[in-house]
Peer 1: 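Let me give you the structure first, and then I'll get to my questions.
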Amino acid sequence: MLSQEARPYIDASVPVLREHGVTITRTFYQNMFAEHPELTNIFNMGNQASGAQQQSLAAAVFAYAANIDNPDALAPVVSRIVHKHASVGITAEHYPIVGRHLLGAIQQTLGDAATPDLLAAWGEAYGLLAQAFIDEERKLYEAAGVEPGQLREMTVAQVVEQSANVRSFILMPTDGQPLADFKPGQYISVEANLPNSRRQLRQYSMSDAPGAPYYRISVKREAAGTETPAGTVSNWLHDNLKQGGTLRISPPFGDFTPNVTSQTPIVLMSAGIGITPMISALNAIATRHPERQVVFAHAARDAAHHAHQDDIAHARAVMPNLQVVTFYETMDAGHEGKPGYHAGFMRVGQLPAWAYADVPVYMCGPLKFMQQQWRDLVAQGVPPTKIHQEVFGPDLLDHLR
């Protein structure tokens, strides 16, 4: 628990962090990577280039300061972060490095306003948060039976084209030993050894049901946007990973796990590549409880960019209570007027009705998509506690602002 001496300084930091948070975190990353360039092998350098990583850390620091006495509000944030940390092999030894450079960035940005008492208070607060992360990450490593950063070699058994820009990779353990089990919605980190001896890790959701002797991930080729670079690792996988090739992966992690064991109704909503964890959940339900009532709603650019249509067709064939609703921004003649297909963006009002107050809703997709669906779901009467979304970044902290 934070000491009474430190608390006033943390409370007073909230407006300061609102104003200077991104500057502090930008300085933090610059200084830390200059002294420890090996850490660029762990951090997502694509997010560094776009500024997303700096914004995410700034939001996390602010949320921590604003909610330091509200552990229930912080708990889901801590859980999401520790799973991500475990997937890239963060260790207890990393935290003093981060802490030292974070305090240094605060001092460098605030100048004389960063008094010794303020820095001491933040040192204490950071120490408490770091220890919480270390303790939870240790539990995850122990449960997975691995050392931090331990990766396993996999062989590509098959490559499947899922859509115009999505490719599935069927991964078999090179050593022939059984794979670790996972829950639908979880992900693995994939190691990419890029040109100029660069190493990067990226997370990809499982895109098939558990229980198979393989893992399947589905990867979207990411073109550069106006504010974002091209998908370095995703595109590398598309260009370099062929049948018979090998790569190394982490064990499965992640706390976004739709309940596939229950027989009560469930709603699964996705857009774009966000379909991957939902297909994993749908395939698991189709195997375990094919009679379950499921609303499966997906939005895609058009039919050519709609991944995993074969999986959906299989689920339709075995699940009599499955309701599939599809939205295409550009509708083709073959689907126009077809039941279950709508032109334009997804709208909750066009989905089949369900018991809004009682049924859990899981969604995954681009940030703007999930923000719009959240608003529509709440307006329709869905309690926020029933809405679960796969998010890692500043938007994870929306409920803390």
Peer 1: Where is the tightest heavy-atom contact between Met319 and Arg292, given as atom of each residue plus distance?
Peer 2: CE-O, 4.2 Å
Peer 1: Please report the interatomic distance NE2(His20) to OG1(Thr109), rounded to the nearest 0.5 Å.
Peer 2: 8.0 Å
Peer 1: Just checking His335 against Tyr328, ring centres under 6.0 Å apart?
Peer 2: yes
Peer 1: Dump the intermediate steps for side-chain contact (heavy atoms from CB on, under 4.5 Å) on Arg138 and Ile134, then the final yes or no.
Peer 2: CA-CA 6 Å; Arg138 182 183 298 116; Ile134 291 168; 3.5 Å; yes
Peer 1: Considering only heavy atoms from C-beta outward, does the side chain of Arg216 approach that of Asn283 to under 4.5 Å?
Peer 2: yes
Peer 1: What distance separates Glu5 CD from Asp117 CG, expressed to the nearest 0.5 Å?
Peer 2: 10.0 Å
Peer 1: Are there over 12 heavy-atom neighbours, none belonging to Phe345, within less than 6.0 Å of that residue's CZ?
Peer 2: no
Peer 1: Check whether any side-chain N or O of Glu124 sits under 3.5 Å from a backbone N or O of Ser3 as a donor-acceptor pair, and report yes or no.
Peer 2: yes
Peer 1: Measure across Ala307 and Ile275 and return the closest heavy-atom pair with its distance rounded to 0.1 Å.
Peer 2: O-CD1, 3.4 Å
Peer 1: Can you give me the closest heavy-atom contact between Ser168 and His308, atom names plus distance?
Peer 2: OG-CE1, 3.6 Å
Peer 1: Identify the two heavy atoms, one from Ala113 and one from Leu118, that lie closest to each other, and give their separation to 0.1 Å.
Peer 2: O-CD2, 3.7 Å
Peer 1: Show the nearest heavy-atom pair for residues Leu102 and Phe28, with the distance to one decimal.
Peer 2: N-CD1, 3.4 Å
Peer 1: Does the side chain of Arg375 come under 3.5 Å of the side chain of Gln373 through a donor N or O and an acceptor N or O?
Peer 2: no
Peer 1: Flag the pair Phe43 / Tyr29 as yes when their ring centroid distance falls below 6.0 Å, and as no otherwise.
Peer 2: yes
Peer 1: Any chance you could measure His36, atom NE2, to His94, atom NE2, to the nearest 0.5 Å?
Peer 2: 9.5 Å
Peer 1: Any chance you could lay out the side-chain contact (heavy atoms from CB on, under 4.5 Å) test for Arg167 and Val160, step after step, and finish with the verdict?
Peer 2: CA-CA 6 Å; Arg167 182 175 292 173; Val160 180; over 6 Å; no
Peer 1: Can a donor-acceptor pair be found between the side chains of Ser207 and Ser280 at a distance below 3.5 Å?
Peer 2: no
Peer 1: For the atom pair CG (Leu17) and CD1 (Ile10), what is the distance rounded to the nearest 0.5 Å?
Peer 2: 8.5 Å
Peer 1: Any pair with a residue in residues 186-219 that passes ring-ring contact (aromatic ring centres under 6.0 Å, His included), sequence neighbours left out, goes on the list, sorted by first then second residue, please.
Peer 2: Phe182-Tyr215
Peer 1: Inspect the surroundings of CD in Glu147 and state if more than 12 heavy atoms from other residues, nucleotides or ligands are less than 6.0 Å away.
Peer 2: no
Peer 1: For His85 together with Phe133, are the ring centres under 6.0 Å from each other?
Peer 2: yes
Peer 1: Atom CZ in Phe369, atom CE in Met346: separation rounded to 0.5 Å?
Peer 2: 4.0 Å
Peer 1: Which pairs pass salt bridge (charged side-chain N to carboxylate O under 4.0 Å, His left out) with one or both residues in residues 241-257, sequence neighbours excluded?
Peer 2: Arg80-Asp255, Glu191-Arg248
Peer 1: Minimum heavy-atom separation for Ala121 to Leu2, with atom names?
Peer 2: O-CD1, 4.5 Å
Peer 1: Hey, could you give me the OH/NE2 distance between Tyr362 and His388, rounded to the nearest 0.5 Å?
Peer 2: 4.0 Å
